[in-house]
Amino acid sequence: MPTRPLVTSYEQDLRLFEDRWARAGLVLWTLVALAWPFVVTDRWVTTANLALTAVVGAVGLMILTGFAGQISLGHAAFLALGAYTSAILGEQFELPFWLAMPCAGAVAAAVGLAVGPFALRLRGLYLAIVTLGLLFLTNHVLHSLPELTHGVSGIPVRMYSGGTDAAGEALRFSAPWRLGSLELGFDEKLYFLFLALAAGAAWLGKNVARSNSGRAMMAVRDQDLAASVLGVHPARSKVLAFGVSSFLAGVAGSMFAYQQQYITIEPPFDLNLSVQYIAMIVLGGVGTVFGAVAGALLFVCLTPLMETVGGWIPFVADLSTHQRSTLMFAVVVCVLLAVEPLGLLGVWLRVKRTFAAWPFRY
Amino acid sequence: MTGARLELRGIELSFAGVRALRGVDLVVAAGSLQAVIGPNGAGKTSLFNCISGLYRPQRGAMRLDDRDLSRLPPHRAAGLGIARMFQNIVLFEQLSVLENMLLGRHHLFESSWWQDVLWTRAARRAEVRHRERVEEVIDFLHLERYRRTPAGILPYGVQKRVELGRALCMEPRLLLLDEPTAGLNQEETEDMARYILDVREELGVTVVLIEHDLGFVMDLADRVAVLDFGEAIAVGTPAEVAADPAVVEAYTGMGAGDG
């Protein structure tokens with residue numbers, strides 16, 4: 001088995017899955033993902049839905065923070081905008097989800113593009129504070145429009161599939177599908193929709209990373225003066241990063257709203273959520289799409305995992321499930337980052353290197 | 001690709017009372033190799049920063065062929081074909097050599113942002129086409145074995161070469177080299193001299209060179225300008241400048257008559 005594929009053209013060099021081993025891995029993961037809702041319990045289907053939502057949001061934040069180097073504490077604001085856009089469009093206009101979701105992304109992206117120019121003059125912590133201000137501002141606006149958002153009491157999120165049934169009622173996405181003997185409930189249907197969206201987001205992120213626009217973002221992140229001398233327009237790159245990032249955050253917010261079916265403003269769309277997204281991309285490994293996906297999956301799955309596993313560990317078993325997951329989560333994050341500062345990406349690179357060199361040690 | 005003529009007239013630049021440049025005049029003929037020398041703090045790098053758009057001089061005119069440069073932001077200056085190597089290496093350390101050099105071609109990419117994000121055929125084609133040009137530069141500078149290496153972990157001498165390569169990828173008409181041999185050993189300095197001569201010979205690019213190694217300057221340059229306290233005190237061929245009493249005084253602190 002060759003350790004590296006033989007590259008014979010530049011087109012081949014640009015492929016995401018460069019050799020048959022990578023493609024075999026892709027097929028394997030696809031099969032696992034497709035079989036998932038049929039082999040696990042309902043709780044893990046719900047967890048997977050939340051994880052796939054987090055993947056879309058984390059890829060968005062990775063483009064902004066990981067690629068373009070703009071630290072944002074306002075990610076929750078874009079998620080909130082996406083969530084409320086789809087909720088309001090569903091309630092007021094009975095808009096089907098496949099129209100409401102792009103609208104949610106577009107609304108969030110519009111706000112992102114408006115905030116982007118602030119990043120031209122501010123960097124690092126200062127930008128973090130401004131984006132935090134955006135989060136407070138967004139929540140305040142949502143609270144002060146009760147005729148649309150129902151204020152603190154929250155809003156039901158209706159998910160329409162488009163079209164009407166025999167009685168003239170708009171079709172709901174929650175109606176189960178029957179394919180022969182197979183029945184797909186609401187959660188399973190959501191799962192397949194979210195799987196496609198998460199895969200799309202990862203593909204989009206990867207495209208940014210490997211293309212001219214993404215390289216320009218990374219150049220601005222590493223050395224913005226040198227980037228401008230090379231012909232990169234730093235303002236354009238930052239604004240583009242804000243636009244794409246907030247679009248994905250808006251879509252993720254919309255996914256979250258459909259999954260929850262009833263949303264309020266705070267929680268969940270508070271500073272805590274923004275910090276969680278930063279934790280995801282750091283945990284996964286900043287600067288790569290792999291990091292965003294792996295970090296989001298691990299972050300969301302850790303809590304239910306620890307609630308289950310924690311019962312078998314002495315002392316930890318005496319704690320409540322919530323305490324258990326918090327404690328174990330803290331331990332896992334601290335140990336992982338102390339041992340492997342690159343996060344899951346670093347772990348993955350090590351594993352890959354070991355297998356590529358096998359049976360030698362290096 | 002041919003070199004452009006650079007014309008600087010009465011460039012004045014000051015930072016809150018410090019007058020960095022006091023009316024510098026300099027004309028660099030198309031395709032020639034102009035050296036700029038002078039003691040530390042004479043304003044050499046400030047002059048480069050004005051040309052590449054990082055600083056905006058308060059007075060004076062800058063022209064590249066017929067284009068006025070004085071109000072151009074850096075990325076527009078780059079679009080006109082002004083490429084630059086920095087005094088203290090400024091590479092994108094986390095990016096590979098290949099990505100660094102592809103960034104040199106950023107302004108030449110035809111694909112727009114949405115084509116990049118959706119990875120359309122136009123984006124893929126642009127990527128391959130520019131990769132081909134980058135490979136030519138990699139070949140020219142013998143950087144093949146470092147293609148995939150992050151630029152930050154390369155040895156100093158190789159980083160200098162990558163920076164030259166990145167500048168060449170921009171298809172420059174004017175190449176600004178700020179101390180290309182600073183920190184290089186004898187062998188690397190000779191390599192760098194060879195590359196600079198080859199660039200001129202094969203590409204016909206106009207080169208402006210800041211350098212402290214006077215032997216290097218005297219061997220390479222067609223013309224030399226000497227800056228001191230923000231003024232061009234002498235301009236001429238290397239031999240003329242070396243014999244100029246004002247230059248001797250600036251460098252040694254002794255007037256021609258002091259012996």
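Just so we're on the same page: letters track the sequence lines, and every chain starts at 1.
- Counted by atom type alone, B:Arg56 and B:Asn49 present zero donor-acceptor pairs between their side chains at under 3.5 Å.
- Looking at B:Thr181 and B:Glu211, their side chains do bring a donor and an acceptor atom within 3.5 Å of each other.
- Under the 3.5 Å distance criterion, with hydrogens and angles disregarded, a donor-acceptor pair is assigned to the side chains of B:Arg84 and B:Ser52.
- For B:Glu93, the part lying under 4.5 angstrom from a heavy atom of chain A is the backbone only.
- Contact of A:Leu204 with chain B is made through backbone and side chain together, with heavy-atom distances under 4.5 Å.
- Between chain A and the residues B:Val90, B:Leu103, B:Ile82, the most heavy-atom pairs under 4.5 angstrom are made by B:Leu103.
- A salt bridge is absent between B:Lys44 and B:Glu179: the closest approach of a Lys/Arg side-chain nitrogen to an acidic carboxylate oxygen does not fall below 4.0 angstrom.
- Side chains of B:Gln58 and B:Glu12: a donor-acceptor N/O pair is absent below 3.5 angstrom, by distance only.
- Proximity to chain A (any heavy atom under 4.5 Å) is restricted, for B:Leu54, to the side chain, taken from C-beta onward.
- Taking 4.0 Å as the cut-off between side-chain N and carboxylate O, B:Glu163 and B:Lys160 do not count as a salt-bridged pair.
- B:Leu91 touches chain A through its backbone: at least one of N, CA, C or O sits under 4.5 Å from a heavy atom, while the side chain does not.
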TODO: Please lay out, stage by stage, how B:Arg161 and B:Glu188 fare under the test salt bridge (charged side-chain N to carboxylate O under 4.0 Å, His left out).
DONE: CA-CA 9 Å; B:Arg161 240 190 295 158; B:Glu188 289 166 336; over 6 Å; no
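- With 3.5 Å as the limit, one finds a donor-acceptor pair spanning the side chains of B:Tyr195 and B:His142.
- Contacts between residues 218-231 of chain A and chain B, defined by a heavy-atom separation under 4.5 Å, are made by A:Met218, A:Ala219, A:Arg221, A:Asp222, A:Gln223, A:Leu225, A:Ala226, A:Ala227, A:Ser228, A:Val229, A:Leu230, A:Gly231.
- Contact count against chain B (heavy-atom pairs under 4.5 Å) is highest for A:Asn212 among A:Asn212, A:Val244, A:Asp13.
- Between B:Glu127 and A:Arg210 there is no salt bridge, since none of the side-chain N atoms of the basic residue sits less than 4.0 Å from a carboxylate O of the acidic one.
- Among A:Ala216, A:Ala209, A:Ser211, A:Gly205, the residue making the largest number of heavy-atom pairs under 4.5 Å with chain B is A:Ser211.
- The candidate with the highest count of non-hydrogen atom pairs below 4.5 Å against chain A, out of B:Arg124, B:Arg166, B:Arg105, B:Arg125, is B:Arg166.
- Listed by first then second residue, pairs satisfying ring pair (Phe, Tyr, Trp, His ring centres under 6.0 Å) with a partner in residues 48-90 of chain B read A:His233-B:His75, B:Phe15-B:Tyr55, not counting sequence neighbours.
- Contacts of B:Glu132 with chain A are made by both backbone and side-chain atoms, with heavy-atom separations under 4.5 Å.
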